[in-house]
Protein chains: 2
Amino acid sequence: MKTERYAETGEQDVADGATLADAAYGRLRRDIITSVRAPGERLRIEKLKSIYQIGPTPLREAMQKLAQDGLVVSEGNRGFTVAPLDPAEFKDLNLARTVIEKEALRLSIEQGDDAWEARVVAAGYIMAKEDAALMKAQGHVPDSWERANSGLHLALVSACGSAWLLKLRGGLHDLCERYRRASVYQKIGARDLTAEHAAIVDATLARNADLACRLIEEHFALTASALAASRENAGTVERDKK
Amino acid sequence: MKTERYAETGEQDVADGATLADAAYGRLRRDIITSVRAPGERLRIEKLKSIYQIGPTPLREAMQKLAQDGLVVSEGNRGFTVAPLDPAEFKDLNLARTVIEKEALRLSIEQGDDAWEARVVAAGYIMAKEDAALMKAQGHVPDSWERANSGLHLALVSACGSAWLLKLRGGLHDLCERYRRASVYQKIGARDLTAEHAAIVDATLARNADLACRLIEEHFALTASALAASRENAGTVERDKK
DNA sequence: AAACCTAACAATGTCGAGAAAATGAAACTC
DNA sequence: GAGTTTCATTTTCTCGACATTGTTAGGTTT
């Protein structure tokens, strides 16, 4: 049973679950987050059947789960569509995410043990490398950077001890990641991501909860405003792929 | 299209959605929250088919959504069961819920308008009556009290302006309500619920966010400890209904 | 007693048919 | 000509039967 790794919600074995419904869920989830399936795109079962080589029953079950996640919109008797990207929703999403992430980080700093510190250090090390590579080679944000970023933020909160906080956080993280990946990221060079991440890691390892929470909040806010700015050029997309 | 009202998550039209899958979801959800379906109970599609008079396809879709909510556990190729009641999970649940509810309350107090104040006053009025009735007639907690309680807490946070905070809050509220309804509530008389609720309403209307949040936190903590205490008599249930 | 095999059972997935609803086009009315 | 109604087409949703796969328990063998 290979663990292919896609987004981050480490709950499912992803794209290879025990049942076809789980597999469909994982693959569709990844495809939606990475914008392989565009926002607003209609998700007709017949079409998906041939794309993923999976029957209609597991596909429908996967859609219902995705709708519950907020990645897919289920309209009465009009089928399913990929959830649209709405700047207002992202602002809201970011707010909720910040609330949860800050609390989880605070708890992690309170309760984290040596193994947790090691995880944070390791994730921070990877992140620093990816940040450096990103700032050198401007332009496209590679998957490896997204993985490192998810990994670092997950490591930071991984000792919070609350399965539910982590679950909620994971869902919100994935939703936000979709917004991030869909945007152009033109101003990513203007930020010193390496410094931002390093500051968060340092404050965390120093067990300075107040500072770490403040930094995380600013970190998220900066991403949000960068996203809002980059949207001024490209309007919100709401296509209908045939 | 009658809006039958069940728990509180006002998202679905409940038990009467446009599609049978939605209807099944709403009815099962209500039945699980109200402990009509006992924790740990196996949910065999064949059985549910005859109970709810709905085919297997929409039933399975409903189960997947419920599994996503955390009300149902989906095990590999071994079908579905009602999620067990685990004291440790309730503690965790309560923690996450408190975090979100406090933030939503704070935002509501910041942004709430006159209509919101009116909603809080109205919900507080109903709640006071139900609290009084409950303390007089000890024992069973009626549905009308649960409705009033849900209504009050929803009214309090309803002006927070964040759809996602409200959505997350709703899900956690329902999960917590199941724990509450499943427990014996023997010590409910020891608490002056009327006073607790009144204090929260007063602090909220006075726009005293810090006090209101503190009171809400205590309110939830008291419920949690009362629940933990009442469990000492009756052990955790994990039945297997044939 | 432990490991293995086998048979019964349960869950999952596929398929095709049919009902209900939505969409779009044509005809009709004002 | 604008707006509405009617009708046909398409799509979604649902059902039931069946095939497949996985799980479990009991019995056999070593």
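Naming: A, B, ... by sequence-line order, numbering from 1 per chain.
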ask   = Stepwise, does the side chain to side chain donor-acceptor pair (under 3.5 Å) test hold for Glu89(B) with Trp164(A)?
value = CA-CA 8 Å; Glu89(B) 197 216 8; Trp164(A) 271 98; 3.0 Å; yes
ask   = Is there a side-chain polar atom (N or O) of Arg44(B) under 4.0 Å from OP1 or OP2 of dA10(C)?
value =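 Looking at the OP1 and OP2 atoms of dA10(C), neither is under 4.0 Å from any side-chain N or O of Arg44(B).
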Of residues 70-80 of chain B, the positions that come close to DNA chain D - non-hydrogen atoms, cut-off under 4.0 Å =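 Listed by number, they are Asn77(B), Arg78(B).
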query = Where along residues 53-62 of chain B does a heavy atom come under 4.0 Å from DNA chain D, residue by residue in number order?
reply =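 Listed by number, they are Ile54(B), Gly55(B), Thr57(B), Pro58(B).
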request  = Please tell me if the side chains of Leu66(A) and Leu28(A) come closer than 4.5 Å, counting only heavy atoms from C-beta onward.
outcome  =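 Yes, side chains in contact.
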query = Can you tell me how far the OG atom of Ser225(A) sits from the NZ atom of Lys91(A), to the nearest 0.5 Å?
reply =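 So the gap between those two atoms works out to 12.0 Å.
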message = Main chain of Ala224(A), side chain of Tyr179(A): is a donor-acceptor contact present, judged purely on distance under 3.5 Å?
response =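 Flag not set: sc Tyr179(A) to bb Ala224(A) has no pair under 3.5 Å.
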query = Can any side-chain N or O of Gln64(B) pair as donor or acceptor with the backbone N or O of Glu61(B) at less than 3.5 Å?
reply =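 Such a contact is absent between Gln64(B) side chain and Glu61(B) backbone.
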Please produce a list of atom pairs where a protein N or O lies less than 3.5 Å from an N or O of nucleotides 5-7 of chain D.
none

key: Range-with-range stems for DNA chain C, at least three Watson-Crick or G-U pairs under 3.5 Å   =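 Runs of three or more consecutive pairs: C:1-30 with D:1-30.
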Spacing between [X] atom [atom1] and [N] atom [atom2], to the nearest angstrom:
X        : N       : atom1 : atom2 : result
Tyr52(B) : dT14(D) : OH    : C1'   : 19 Å
Ile45(A) : dT11(D) : CD1   : P     : 13 Å
Leu20(A) : dT20(D) : CG    : C1'   : 11 Å

task = Establish, yes or no, whether the cationic atom of Arg42(A) lies under 6.0 Å from the six-membered ring centre of Phe80(A) and within 45° of the ring axis.
result =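 No, Arg42(A) does not lie over the aromatic ring of Phe80(A).
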key: Glu41(B) and Thr81(B): side chain donor to acceptor below 3.5 Å   =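 Not at all, the side chains of Glu41(B) and Thr81(B) share no donor-acceptor pair under 3.5 Å.
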ask   = Where do Lys47(A) and Ser50(A) come nearest, in terms of heavy atoms and distance?
value =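 Shortest heavy-atom contact: O-OG, 2.8 Å.
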inquiry  = Which residues pass the side chain to side chain contact (heavy atoms under 4.5 Å, CB included) test with Lys49(A), not counting sequence neighbours?
reply    =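 Glu46(A), Pro56(A), Leu59(A).
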key: Any residue meeting side chain to side chain contact (heavy atoms under 4.5 Å, CB included) with Ala115(B), in chain and number order, not counting sequence neighbours   =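 Ala115(B) satisfies side chain to side chain contact (heavy atoms under 4.5 Å, CB included) with Asp113(B), Arg119(B) once adjacent residues are dropped.
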